[in-house]
Structures are given as C-alpha cells and as structure tokens.
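Numbers for residues simply follow the sequence, beginning at 1. Owing to the predicted nature of the structure, the values given are computational and were not obtained by experimental measurement.
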Amino acid sequence: MKIGLVPQVIVNALHPSNSVPYVPLGLLSLAGALDRRRHTVDIVDLTAAVKDGRIPYDRDFESAAARLIHSRGFDLVGFSTFSAGYHHTLKIVQALKARAPSTLCVLGGPQASFCDEETLASFPVDLIVRGEGEWTFEELLEALEDDRGLDPIQGLSFRRGERILRTPDRPLVQDLDTLALPAFDLYPLKHHPKAAVEATRGCPYHCVYCATSNYWGHRVRHKSIDRIYSEMVLLSDTYDVEYISFADDTFTINRKWTLAFCRHLVARGYRKPWLCSTRIDAVDDELLAAMAQAGCGHIFYGIESGSERVQKAIRKNIRIGRVVDNLRKTASQGISVTASLMMGFPDETEEDLKQTLQLRNRIQLIFPYKQAIQIHVLSPDVNTQITLENQDRLRYDGFHSDGSGGELARYDREMILAHRDLFMAYYYIEMTHLDREFVKLVHTFLSTAQVICYWSSLYVMLRDGDPLRMAKRWIEAYRSHPVSGDVSPEAPLLLRAVPSATRFFASLFRMGGDVPAPVSELYQHEFEMMRIKGGLAIDTAIRQKAAEHRAFSHRQFAYDPRETIALIREDYRKVRTQRLKPTRIDYVPRRRPQTGRRG
C-alpha cells in the first residue's frame, strides 16, 4: 500500500515564507511501526511546501494542497491533527476526496481523537485513529490489505452506512521501549537544525486550559535512558542534527530520573546541546547544574499568569515568588529560556493582567533577548475543563493570537460557526471583568512593542510603575485613528496596528519629549535594528545589501544604546545619569542561510 503522511499545517499566517516546518515526530513514530517491505511511506509537509513556494497560502491553499497530495498517487493519506489549523485539514480532505474518492483519508492526533464523531458526521473523513496510534494504525493497514473487518481493532472510529462506530479505547502503551524507533529517514533532517525526541508520555497535573493529560493519561510513562540515548545518538551521528528538542511537556517531572539521565549523557561524552520544556517549580539548583553540564541549553517554561489568584483558578498553582528565583537560577547556569504567559482567562481582572505584565518585565530584565518571552491570548481548547465549564460563554470574533492558521480562518467563518465544537481554538471565552477588545489591543500593543522597541518600551513601563499605562495611551490613540490609508480594514489586527503603533512610539520617544535623551536614542537604534531584520518589511535594498554583506545604514549617537540597555537592566533610574559617549553603529544585514527545498 502506498501511504502518505501529512503533518499538521503550522504556517505563519502573516509571513508565510517565514514559517518553520517541524519534524513530525508523531507521524515518524507511526511510520516506524510499519513493515516497510509491505508499504511505501512518504511525508508530505505542506508547511514546507508553502515556505518554499510550491503552493500558495491564500484562499486556494487547501485546493493546491490536495492537488499536491493527489499527484503522489497514495492509496491512503494519514493526517496529524491539533486544534489550530484543523479547518485546513478538513478542507484538504474535502478537496482530496472530491478529486480522488477512493483515496482513504485517516485522521489521528488529539483534535481528531476528541472530535471523532462530529468530524465523521460532517466531513468526508474515512477513519479516525484515536489516542496513541502506533499499534492501531499498524493493525488498521493489515486489516485493509487483508480485507478484514475493522471491528476488532481498538481505538478506531469510522462510518458504516449512516452509523458512526467507535471501537473500544486502546489501552495506553505501558512500556514505551516496545515502540519502534521513529522513521527519521523519511524526513529531510539535514535541513533542520533540531529534531524531536520523546522521553515521556502523560502528565500528572490538572491545568484547566490543557488537554495533554486527557490525551496521554495522568500517569507519566518514561522511556529508558538507554533508549532515549540511542535516539539522540542516531540523530546526531547519522543525520547530523545540531541539537535535540525533547517533546515532553514536563521533562523534569521525575527529579531522580532526570539526574540519572544527565549523568548518563556526561558519562557517555554526549556533546550535542538539547532543549526541553518543564514547569518552573520543577527545577532547583542541583537539577539545573546537572542539566547544564549534560548539555541543556534552553528550557521552555509555561508560567501563564503573574497573579497568584489566577494561578489557583487555572489549577497551575505556581507560586509567583519561585518564578523569578528559578529563572535567575536558570540564567546562572547559562541556560536560556522561553517563558510563556497568557491573558484572557474568564475571570481575570485588570489587576491580574497588570501582575502578569509586571512579571513579564521582571523576566525581561533577567534575560536580554526578545525570544525569552511569549505572551498569548487564551484559546479554549477542546476537551479541557475551562472549555467544558464555559460552554455558554464561547464567542467568535475571528481573532487568534497565534499565527498558525489564523489569517485564513477568517475566510472560513461560516464553517467555523457551523461546527463550533470542532474549531474551539478560534473561539474565546467571554470575560467577566475585562472587555475582549481591550485584551486584544493590549496583546497587539505588546507584540508590536516587542518587535519595534523592546528595551525603550520597557524603560517607560518601569518608570510608570503600571505596565498598562503606556498600552492604554496607545489604545486611545488607535481607537481615534484605527487604520492608516495603506492598510485594509480587513487586514489582521496586528497589521492594522503596526502603523498606529509606529507613529505612537515615534512621538513618545522623540528627542526632547518626556523620556531622557539616552532612551530616545535607544529607540532610534532599536527601530533601525528592526528595519534591517525585517520586522516591518524587507525591501529590495535591504535584501541586496544583505547579499553583499554591506552596511544598510549607520547612525551616530551621543549615548551608547548598548550601555543604555545595560543600565535599564541594572536599574532604570540610572539612565538619567548616563554619561555622554559618542558612538557610531553600522547596521549590517545578516545573510539568510540557504537551506534549499524542503518537504
């Protein structure tokens, strides 16, 4: 049988050519379980196809994607599904079945597992593999080839005539070492600096906004250290992957296991760096030191809120005092971080939001790079407690704070409204205390400030004492003049906001205004850096000079902007005593690496 496996689409909706395809570990794990002597298996990466221009990301995206898949002549196409982008998957299936009705379309992954019955009732999907799919998918292919019935196969949902049938759930895999190695050879790893390895499945926590434990189970199951090490060595030695990204939500959930794993890497002389995700309260000095010694270079911390009240409400239950302490401990070991924060919880107040932004600013002072902080607006995921408890407060307005799929979702408003339970990621929960438009605009303002004036805006927020004050000033200006003449009113909110924010910042940081001269000059420096990195747009002149590695521009400053940043991080009040230090900075665009075609 000729099988095509399609990863979930994760296109950057605002800048499709900047999309970052990911190594689809789940699908490669499925493929690893198959008998490749009996089956031909290929990966069709639609995100990569958009990135390198093989298919457009516009109204006809799904039709173009279906044509690409159809051209490969598959007998069966398996789609990985998550909440964001599910509308893409289902429209691709519709287009593919219209072209090739005999091609079997099989869905798997969290979204299809949780929404199997409505998906089958409303769209021409043939089969859904629920939950952990390695053994179910293998048995399914054997039954199809041998023309046997599907009823004995656990973990399947399918139609029989007008009826939708669900076979019993398949028990979780208790010994993860019994799973075959992922079929890494199916994916062009040479074009990816990092590849994923899975150490665990399951999560013991009960965060109300997350469906991880509902999908993988509440009990954490570990692969053996030897098994994990063998996957890391395979990726490093055979595929020359630069670093490993662990796919686990809470990598350090078992402290004793994590220490043993780190000691194993050190003892075996493993040299490649790796990164992981975990809770901020699941690390300590000894653990971080061991991780750093073993090669951990980056940790993703899901912190979510700076409010103790919200922490309890969402059952995350992180003590805010531990957040900053453990971030400093992480930094002291030379480990970089991404700290993820959220706003838009149902009963969040302005004070709660203010505390989250104050925490954001404290994190910014610890880690001097923009990637250290992500901030999102809550999307109600399917099969989570927060969604189940707020069914009557779900609303749709077309806004989605994360880029994947958000731009094109507005073309599918009728479909999204007709099938709310399938597309909850594009809805929101109506808030009790805060206005939805206010939250959207605060998020948009912070996103814009992070790109245009990361450090100079931080100075103003620290000076004001209230991190919302500057945002409110901009919101007032934006509401007075919401859209400039060269931006369509139909454009996404972030694109509509950029011209307004740029004007606002230019006025706020003008020389002789209400900020000290070093901060005004720092803003000019940051704006120029943003221009050559393409924060607003990359024009032809910048591209040409980047190719030739020539300076795009240069500026003369009375105060060294880099020293201003250092003073803000040390104590923002010292900026007013900063000494003159005439400095010239040449702005040289970096050449983008040529990675070739992917997919």
Mark yes or no for whether [X], through its side chain, and [Y], through its backbone, hold a donor-acceptor pair below 3.5 Å.
X	Y	answer
T252	V283	no
R201	G217	no
T89	T81	no
S245	L275	no

For F261, which of Y229, F246, Y270 qualifies under ring pair (Phe, Tyr, Trp, His ring centres under 6.0 Å)?
-> F246
Step-by-step side-chain hydrogen bond (donor to acceptor under 3.5 Å, both in side chains) determination, T330 to Y301 = CA-CA 11 Å; T330 307; Y301 289 122; 2.9 Å; yes
Test log, rule ring pair (Phe, Tyr, Trp, His ring centres under 6.0 Å), inputs F79 and H88 = CA-CA 11 Å; F79 295 84; H88 285 324; over 10 Å; no
When rounded to the nearest 0.5 angstrom, what is the spacing between [atom1] in [X] and [atom2] in [Y]?
X	Y	atom1	atom2	result
E304	K316	CD	NZ	4.5 Å
R219	T200	CZ	OG1	11.5 Å
D421	E117	CG	CD	11.5 Å

Check the pair H298 / Y243 against ring pair (Phe, Tyr, Trp, His ring centres under 6.0 Å), numbers first and verdict last.
-> CA-CA 11 Å; H298 187 91; Y243 57 99; 9.2 Å; no
Audit row: N383, Y215, side-chain hydrogen bond (donor to acceptor under 3.5 Å, both in side chains) steps and yes/no | CA-CA 9 Å; N383 206 33; Y215 186 74; over 6 Å; no
Over all atoms of both residues, closest heavy-atom pair of G344 and L378 | O-CD2, 3.7 Å
K2 atom NZ, over 12 foreign heavy atoms within 6.0 Å = yes
Taking only residues two or more places apart in sequence, or in another chain, which ones meet R36 in a side-chain hydrogen bond (donor to acceptor under 3.5 Å, both in side chains)?
-> D185
